[in-house]
Amino acid sequence: MTTFADLGLSQKVLSAVADAGYSIPTPIQAGAIPFALERRDICGIAQTGTGKTASFVLPMLSLLEKGRARARMPRTLILEPTRELAAQVAENFEKYGKNHRLNVALLIGGVSFEDQDRKLERGADVLICTPGRLLDHFERGKLLMSGVEILVIDEADRMLDMGFIPDIERIAKLIPFTRQTLFFSATMPPEIQKLADRFLQNPERIEVAKPASAAKTVTQRFVASHSKDYEKRAVLRELVRAQTELKNAIIFCNRKKDVADLFRSLERHGFSVGALHGDMDQRSRTTMLQNFRDGNLQLLVASDVAARGLDIPDVSHVFNFDVPIHSEDYVHRIGRTGRAGRSGAAFTLVTKRDTKFVDAIEKLIGEKVEWLNGDLNALPAVEESKDSERPRRNGRERGEKDRGRGRGNRSAASHKSDNDIQDNDVQVIEAAPARAEVLKNERKAEQKPQNNARNNRPYPANDDSRDRRRHRDHDDGPTPVGFGDDIPAFMLIAGSAKI
DNA sequence: AAAAAAC
């Protein structure tokens with residue numbers, strides 16, 4: 001059997017790999033590493049979860065042992081489609097490069113130029129970049145690409161989706177054509193093949209089988225829901241609470257706004273939850289992801305920025321709050337669970353307007369997905385509850401009224417949009433006649449300009465009350481935002497004070 | 001019906 005020692009990697013690399021606990025390379029690693037070490041171009045067709053990153057990081061480390069970087073003249077360049085992926089590759093260089101003295105610079109947007117400039121000035125052996133920030137540095141004259149010996153283009157199909165190809169072409173023109181190019185893509189449709197032909201010279205093509213199709217290890221279920229957001233949120237909460245084996249979960253929404261809304265709603269309902277989408281500031285993105293990885297957050301509400309490539313081991317559940325519009329995204333999303341042969345569960349909320357996307361998904365995965373509690377036809381008509389003649393005006397959960405812990409008239413004006421979300425969650429379940437008003441509120445909330453400070457930082461970065469909150473009884477009802485469990489006494493007296 | 005990425 002092939003081991004890492006058979007691939008021609010340097011001792012320094014081998015020892016770091018051994019320290020990380022690996023001895024047997026994955027197929028893409030066994031296939032790509034020997035050719036990469038011979039300075040051949042590579043066209044790798046591999047999905048995430050196949051060990052693709054190490055298949056270029058390890059040989060690059062070996063090759064970089066000869067020579068040193070000069071100021072503003074990086075020796076190698078790795079292009080990634082998202083900031084998180086770039087950061088992840090940088091972590092791989094840390095891990096496997098611990099016996100090396102290489103300068104690695106992570107050039108991504110959303111963070112200050114200063115540190116990045118300093119690293120470029122000092123001479124970077126490895127640049128790991130998102131295209132926009134790299135070109136930004138280049139245009140500011142901080143960077144010469146004429147010394148680049150190895151270029152890695154990762155996730156090429158996704159780069160194409162995201163419209164990065166013109167940037168990539170531009171960058172490639174700035175690098176000597178004598179370079180070595182390592183090109184990776186999860187899929188190889190004709191337009192990607194054309195790209196590969198342009199960037200690569202006599203490449204060695206390595207294609208690995210898809211990891212065991214998600215259908216095998218992931219239990220998939222559709223869950224019928226009415227289509228209003230507050231109804232979907234209620235269905236989701238029930239679904240999450242009903243899971244006995246839930247360790248942690250990613251909840252996908254199609255839109256950034258819905259990520260923010262659902263995050264706030266879940267947080268207010270006492271869940272241990274984080275959020276991740278591309279309009280959040282980079283610091284929050286990094287913190288959220290780290291906290292989720294570390295187990296400090298149980299749920300992560302995310303846009304498709306988290307659907308592919310991010311290495312979050314051991315996610316027990318995936319919930320699709322929205323049915324993805326493109327069926328391939330469904331496969332990527334549920335691929336976040338059931339990794340490495342472990343079992344996983346994926347639930348998708350489906351409303352009447354989603355039927356054609358659901359059909360496309362079933363066609364793509366080649367099987368019918370079971371419904372959890374009956375399909376859309378079994379969906380009861382919108383419930384009317386007994387105390388519907390008394391629509392609630394504040395954010396108190398059903399059954400909470402005797403607890404003396406309502407939010408009173410707090411923030412009636414100051415946190416309007418937050419209250420709208422809360423109220424909708426509650427009112428509509430209980431009070432169908434209040435629907436007209438609720439709809440009006442929802443519309444108002446939607447028209448309200450986005451409050452950036454709030455959206456970008458769904459919670460204060462160092463707020464450790466989250467950790468305590470996850471141990472709360474989840475049926476406790478809404479938590480006043482910003483206090484965690486440390487609620488000032490005066491707030492516990494219903495309706496006592498305006499804040 | 002979207003998301004992602006530069007300031």
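Letters A, B, ... mirror the listed sequences (proteins, then strands); counts begin at 1.
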For a quick test of reading the model, state the closest non-hydrogen atom pair linking A:Asn373 to A:Ala378 and the distance between them.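 The pair with the smallest heavy-atom distance is O-CB, 4.5 Å.
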[X] [atom1] to [N] [atom2], straight-line distance once rounded to whole Å:
X	N	atom1	atom2	result
A:His332	B:dA4	NE2	C1'	14 Å
A:Phe252	B:dA4	CZ	P	12 Å
A:Met162	B:dA2	CE	P	17 Å
A:Asp167	B:dA6	CG	P	9 Å
A:Ile171	B:dA5	CD1	C1'	11 Å
A:Arg170	B:dA5	CZ	P	19 Å
A:Asp261	B:dA1	CG	C1'	16 Å
A:Arg140	B:dA6	CZ	P	13 Å

Just checking, is any N or O donor in the side chain of A:Arg179 or A:Thr181 under 3.5 Å from an acceptor N or O on the other one?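 Side chains of A:Arg179 and A:Thr181: pair found under 3.5 Å.
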Choose from [options] the nucleotide whose nearest atom is closest to any side-chain atom of [X].
X	options	result
A:Arg285	B:dA4, B:dA6, B:dA2	B:dA4
A:His326	B:dA5, B:dA1, B:dA2	B:dA2
A:Arg353	B:dA1, B:dA5, B:dA3	B:dA1
A:Thr130	B:dA1, B:dA3, B:dA6	B:dA6

So, using side-chain contact (heavy atoms from CB on, under 4.5 Å) as the criterion, who are the partners of A:Glu94 when residues are at least two apart?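 Applying side-chain contact (heavy atoms from CB on, under 4.5 Å) to A:Glu94 gives none.
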Residues which pass side-chain contact (heavy atoms from CB on, under 4.5 Å) with A:Thr130, listed by chain and number, not counting sequence neighbours: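 Partners of A:Thr130 under the side-chain contact (heavy atoms from CB on, under 4.5 Å) test: A:Arg83, A:Ile108, A:Arg133.
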Which of residues 104-119 of chain A sit near DNA chain B, with a heavy atom under 4.0 Å from it?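 Within residues 104-119 of chain A, the residues near DNA chain B are A:Gly109, A:Gly110, A:Phe113.
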Looking at every strand, decide which applies to [X] at a 4.0 Å heavy-atom threshold: base, sugar-phosphate, or nothing.
X	value
A:Asp258	nothing
A:Asn254	sugar-phosphate
A:Arg158	nothing

So, using salt bridge (charged side-chain N to carboxylate O under 4.0 Å, His left out) as the criterion, who are the partners of A:Arg158 when residues are at least two apart?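 Counting only residues at least two positions away or on another chain, A:Arg158 forms no salt bridge (charged side-chain N to carboxylate O under 4.0 Å, His left out).
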So, using ring pair (Phe, Tyr, Trp, His ring centres under 6.0 Å) as the criterion, who are the partners of A:Tyr330 when residues are at least two apart?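 Partners of A:Tyr330 under the ring pair (Phe, Tyr, Trp, His ring centres under 6.0 Å) test: none.
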OP1, OP2 of B:dA4 versus side-chain N and O of A:Lys256: anything below 4.0 Å?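 Yes, because at least one side-chain N or O of A:Lys256 sits under 4.0 Å from OP1 or OP2 of B:dA4.
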Which side-chain N or O atoms in residues 139-153 of chain A pair as donor and acceptor under 3.5 Å with protein atoms at least two apart or in another chain?
from	atom 1	to	atom 2	distance (Å)
A:Glu139	OE2	A:Arg170	NH1	3.1
A:Glu139	OE2	A:Arg170	NH2	3.1
A:Arg140	NH2	A:Asp117	OD1	3.3
A:Arg140	NH2	A:Asp117	OD2	2.9

Spell out yes or no: do the side chain of A:His277 and the base of B:dA4 have one donor N/O and one acceptor N/O closer than 3.5 Å?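 Answer is no: no donor-acceptor pair is held.
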